[in-house]
Trainee: 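Quick one: structure below, then a few questions.
The model shown is predicted, which means the values in this text are computed figures rather than measured ones.
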Amino acid sequence: MNLVNLESVSHAFGPKPLLADVSLGLEEGDRIGVVGRNGGGKTTLISIIAGALKPDSGRVTHTRGLRVGALSQRDQFDPDVAVKDIVLAGRAEHEWAGDAAIREILANLLADIDLAAPAGALSGGERRRTALARLLIEEHDLLILDEPTNHLDIEAIAWLAGHLVQRKSALLVVTHDRWFLDAVSTRTWEVVDGSVERYEGGYAAYVLAKAERARIAQAAEERRQNLMRKEIAWLRRGPPARTSKPKFRINAAEALIANEPPPREAVELLSFASARLGKTVADLEDVTLHAGGPASGPLVLDQCTYQFGPGDRIGLIGVNGSGKSSVLRLLSGTVEPDSGRLVRGRTVRLAHLSQELAELDPTRRVLETVEEIRKYVQVGKKEWSASQLLERLGFRGEAQWKVVGDLSGGERRRLQFLRLIMNEPNVLLLDEPTNDLDIETLTELEDLLDGWPGTLVVVSHDRYFLERVADRCVALLGDGRLSMLPGGVDEYLERRAAGAALSARAASAASAPERGGQDDQPAPVGGPTAKELRELQKELNRLERQIDKLGEREAKLHAEMADAASDFERLAKLDAELREIAAQKESAEFEWMTAAERLEGQ
C-alpha cells in the first residue's frame with residue numbers, strides 16, 4: 001500500500017532549484033536511505049514528504065490516517081520540562097516500566113541521563129538522544145529520520161540499526177553514515193541536480209549500481225563518438241567499409257571490481273613512512289592517565305605500555321566518555337600522563353584535528369587561509385596545489401573565494417583539516433573528522449588519506465570510515481589498557497556484549513553468598529558459580545593480554561621488514577617469524593572467542 005505520493009513536485013530556495021518535477025512514491029514496509037551532496041535538497045525532500053514544507057508546485061498526498069514521526073536536525077524542548085515527561089509523554093511509571101520495548105529504548109539511549117533532569121540541563125548530544133528515544137517509543141506508520149546517528153557512539157548506532165530493521169513501520173532516513181545506510185536500507189534515493197535517482201539495495205548496492213550506470217553511459221558515449229567518426233570518414237572518403245561489432249557479456253559487479261587495485265599500497269606506504277619517521281613514533285611506557293588530570297576524572301589508562309609504529313593506521317574505539325580524545329591529547333602533547341612516560345621520535349611532525357574548531361580569521365578568503373600555510377603539498381607520489389585540494393574536499397570554483405566568516409561548521413572543519421595537511425605532517429591524529437561531511441566529501445577524504453604516508457590514529461563513530469581508513473583497531477574497554485581488536489568493530493561489539501553479560505551474571509552470583517553463606521553456592525541448575533565466573537574472566541583477560549603482545553610483535557616485524565627491504569635473507573627470516581606470530585595470534589583469538597561464547601551461553 002502506498003503511504004505517500006509525490007506528483008511533479010518542484011521547490012527552490014532563491015534562484016536555486018532543489019527539486020524539479022519530482023514524482024515518486026513510498027510504500028508500506030519501505031526502508032529508504034537518502035543520499036546526496038550537502039545543500040543538494042535531501043532535507044527539503046524529506047520535509048515535503050513529512051508535510052512540514054509545502055512545495056512550490058506539484059502535489060503531495062498521504063494515505064488517510066497516516067501516522068508520521070519525524071526527527072529533524074534541531075531538537076527544541078521546553079527547558080523546564082523533565083526528560084521523562086518529554087520522552088514518556090505522561091505515561092504512568094507502571095505502564096512504561098512494564099513494557100520491555102520501552103525499557104530497551106531507554107537502556108540503549110538514555111542509560112546515563114537522569115530522567116528527572118530538566119531539558120535545559122542537557123548537552124547537545126543528550127538532547128539528540130532524548131528526541132530519538134521519544135520518537136521510537138511512539139507508534140508510527142512512517143519514520144523520517146534526519147541524521148539520527150549524530151552524537152551516538154558505535155554501540156548505540158549498532159543497536160539503533162537493529163531496532164529499526166525489526167520495526168514494522170516504513171523508514172526514510174538521511175545520513176552520511178554509510179555502514180548505517182547498508183544496515184537499515186533496502187532502497188536508496190540519490191538527490192542530485194533537482195531530481196531523485198532510485199536504486200535497489202543499501203549503500204554498497206547503490207555504489208555498484210551507480211558505477212554500472214556510469215559505465216553504460218560511457219559505453220554509449222563511446223559508441224556515439226565512433227558513429228560520428230564514421231560519419232565524418234564517410235563524408236570524406238565515400239561509403240564506409242563493412243565492420244563487425246564486438247559482443248560483450250559482462251557480469252556488472254565483477255567487471256567493476258575484478259581488476260580494481262587495493263585502496264592503499266601498504267608495503268610502499270610503510271616503507272615511505274619508516275624513511276620519514278624512523279623506528280620510533282610514540283611509545284607509551286607504564287602510562288597512567290585520568291581524563292580530567294591526575295586522579296580527578298575517569299581512569300583512561302592504567303600502567304599501559306603500547307607502541308605506535310611508523311605507518312600504523314589505527315582506529316581507536318570506545319564508548320562516549322571512555323577517554324578516546326584524552327588519548328589523542330596525550331599523544332599530541334596537550335596533556336601529560338599522571339605517571340609513566342611518553343617517548344616521541346625525534347623526526348615526528350604531528351598534526352591533531354580535535355573536535356573543537358580552530359580559530360580562523362573570519363575576514364580572510366578560503367584559498368588565502370590555506371595558501372598562507374603552503375601553496376603546494378606532496379601527498380604520496382603526487383603534488384597537489386592548495387586550490388586542487390580545496391576542490392577535492394568540496395570547495396569548488398567560487399567557493400574558494402568565500403569569506404571564512406560565512407562558512408558553515410562542516411566547511412570550517414574541512415578547511416581546518418586541509419590546513420593541517422598542508423603542513424606535511426608525518427603523524428596525524430583525527431578526532432571525529434567526519435562530522436558534518438557529506439558522503440561525496442567523505443569519499444574524497446578517504447582517497448586523500450589512502451595516499452598519505454605516515455602514522456594515523458583516528459577516532460570516529462562512522463564505522464564505514466573507520467574500517468575504510470584504518471588497518472587495525474584498538475579499544476578502550478574500561479580496564480585501563482589499549483586492547484587489540486583483530487576482528488575490528490564486530491569484535492569490539494562482541495566483547496562489550498560479553499562484558500555486559502559477565503557483569504550481570506557476576507552480580508547475580510555475588511548475591512548468592514549473602515543468601516546462602518557459601519561462595520560457591522550453586523546458581524540455578526546448569527549455571528556457573530561465582531568462582532567459575534571469576535576464573536572465566538581471568539582466562540579472557542590473559543588471552544587479551546597475549547593477543548595484544550602478539551599484535552605488538554607483529555607490528556614491529558612489519559616495520560623491520562620495511563627496513564630490510566633490500567636484504568632478502570633477513571627478509572625471509574622475518575617473514576617466517578611473522579607467519580609463526582600470525583598463527584599464534586589466530587590460535588589465541590580462537591581461544592578467546594571460545595571462552596567468550598562459553599560465558600555468553602551461561
Side-chain angles (χ1 to χ4, degrees), residues 104 107-109 111-112 152-163 179-180 183 284 291 298-306 314-327 457-464 466-467 470-509 528 532-552 554-555 582 584-602:
E104 181 190 2
N108 283 280
L109 293 178
D112 60 339
L152 299 187
D153 59 28
I154 286 177
E155 201 169 351
I157 291 171
W159 172 83
L160 178 61
H163 176 84
W179 179 88
F180 187 78
L284 305 183
L299 179 66
V300 178
L301 301 176
D302 184 13
Q303 295 184 325
C304 176
T305 296
Y306 193 90
I314 296 174
L316 183 57
I317 305 176
V319 297
N320 287 341
S322 61
K324 302 184 295 295
S325 295
S326 296
V327 171
V457 183
V458 58
V459 170
S460 177
H461 293 146
D462 185 329
R463 181 170 173 176
Y464 189 105
L466 195 68
E467 293 178 335
D471 291 332
R472 55 194 175 99
C473 294
V474 297
L476 291 167
L477 296 170
D479 57 1
R481 297 187 298 114
L482 289 169
S483 300
M484 290 285 294
L485 297 173
V489 175
D490 286 333
E491 181 179 337
Y492 166 75
L493 295 174
E494 289 169 3
R495 288 200 190 190
R496 287 281 300 167
L502 176 65
S503 298
R505 285 166 176 76
S508 175
E532 290 170 338
L533 283 169
R534 288 195 297 272
E535 292 299 322
L536 195 52
Q537 182 60 51
K538 286 181 182 178
E539 177 67 6
L540 283 171
N541 291 340
R542 181 190 68 79
L543 288 168
E544 285 179 10
R545 288 193 296 272
Q546 182 182 351
I547 291 169
D548 288 346
K549 288 180 180 178
L550 290 169
E552 290 171 10
E554 190 175 40
Q584 291 177 16
K585 194 167 81 164
E586 184 177 358
S587 176
E589 289 166 6
F590 179 78
E591 288 182 46
W592 187 93
M593 293 296 294
T594 302
E597 288 173 2
R598 281 173 53 204
L599 177 63
E600 192 173 353
Q602 297 302 323

Trainee: Are any non-hydrogen side-chain atoms of Y492 and L477 less than 4.5 angstrom apart?
Mentor: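 Yes; the side chains approach each other to less than 4.5 Å.
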
Trainee: Looking only at non-hydrogen atoms, find the nearest pair between L493 and A158 and report the distance.
Mentor: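 Heavy-atom minimum between the residues: CD1-CB, 3.9 Å.
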
Trainee: Working to the nearest 0.5 angstrom, can you tell me the gap between C304 SG and L284 CG?
Mentor: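 It comes to 5.5 Å.
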
Trainee: Using 0.5 Å steps for rounding, measure from the CD1 atom of I317 to the OG atom of S460.
Mentor: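 Reported value, rounded in 0.5 Å steps: 10.0 Å.
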
Trainee: Under the 3.5 angstrom rule, does the side chain of K324 hit a backbone N or O of G318 as a donor-acceptor pair?
Mentor: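 At least one qualifying donor-acceptor pair exists.
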
Trainee: May I ask you to test the L160-F180 pair for a side-chain heavy-atom distance under 4.5 Å?
Mentor: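 In short, these two side chains touch, coming nearer than 4.5 Å.
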
Trainee: Filter on salt bridge (charged side-chain N to carboxylate O under 4.0 Å, His left out), then keep only pairs touching residues 476-489, sequence neighbours left out; what's left?
Mentor: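 Residue pairs with at least one partner in residues 476-489: D479-R481, R481-E544, R481-D548.
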
Trainee: Of all residues at least two apart in sequence or in a different chain, which pass the side-chain hydrogen bond (donor to acceptor under 3.5 Å, both in side chains) check with Y464?
Mentor: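 Checked Y464 against side-chain hydrogen bond (donor to acceptor under 3.5 Å, both in side chains); zero matches.
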
Trainee: Looking at CD of E467 and CH2 of W179, how far apart are the two atoms once the value is rounded to the nearest 0.5 Å?
Mentor: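 Rounded to the nearest 0.5 Å, the CD-CH2 separation comes out at 9.0 Å.
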
Trainee: For the atom pair CG (L485) and CG (D490), what is the distance rounded to the nearest 0.5 Å?
Mentor: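 Atom-to-atom, L485:CG and D490:CG are 10.5 Å apart.
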
Trainee: Kindly compute the distance separating NZ (K549) from CD (Q584), expressed to the nearest 0.5 Å.
Mentor: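 That separation rounds to 12.5 Å.
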
Trainee: Taking all heavy atoms of L109 and all of D112, pick out the closest pair and write down the distance.
Mentor: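 Heavy atoms of L109 and D112 come nearest at O-OD1, 4.4 Å.
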
Trainee: Taking the side chain as C-beta and beyond, is there a heavy-atom pair between L476 and V300 under 4.5 Å?
Mentor: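 Side-chain contact under 4.5 Å: yes.
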
Trainee: Kindly compute the distance separating CZ (R495) from OG (S483), expressed to the nearest 0.5 Å.
Mentor: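 Reported to 0.5 Å precision, the distance equals 5.5 Å.
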
Trainee: How far apart are the C-alpha atoms of L482 and L316, what are their side-chain angles, what is the distance that settles it, and do they pass the side-chain contact (heavy atoms from CB on, under 4.5 Å) test?
Mentor: CA-CA 9 Å; L482 289 169; L316 183 57; 3.9 Å; yes

Trainee: Quick one, L466 and I154 - any side-chain contact, counting heavy atoms below 4.5 Å?
Mentor: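 Side chain of L466 against side chain of I154, heavy atoms only: contact under 4.5 Å found.
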
Trainee: Does a donor on one side chain and an acceptor on the other come within less than 3.5 Å for W159 and E104?
Mentor: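 Their side chains do contain a donor-acceptor pair, which is all the 3.5 Å distance test asks for.
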
Trainee: Could you tell me whether the side chains of N320 and H461 share a donor-acceptor contact shorter than 3.5 Å?
Mentor: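 Side chains of N320 and H461: pair found under 3.5 Å.
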
Trainee: Testing the basics here: between E155 and R496, what is the closest heavy-atom pair and its distance to 0.1 Å?
Mentor: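 Heavy atoms of E155 and R496 come nearest at OE1-NE, 2.7 Å.
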
Trainee: Measuring only between side-chain heavy atoms, which start at C-beta, is N108 closer than 4.5 Å to H163?
Mentor: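 A side-chain contact is absent here, since even the closest heavy-atom pair is not under 4.5 Å.
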
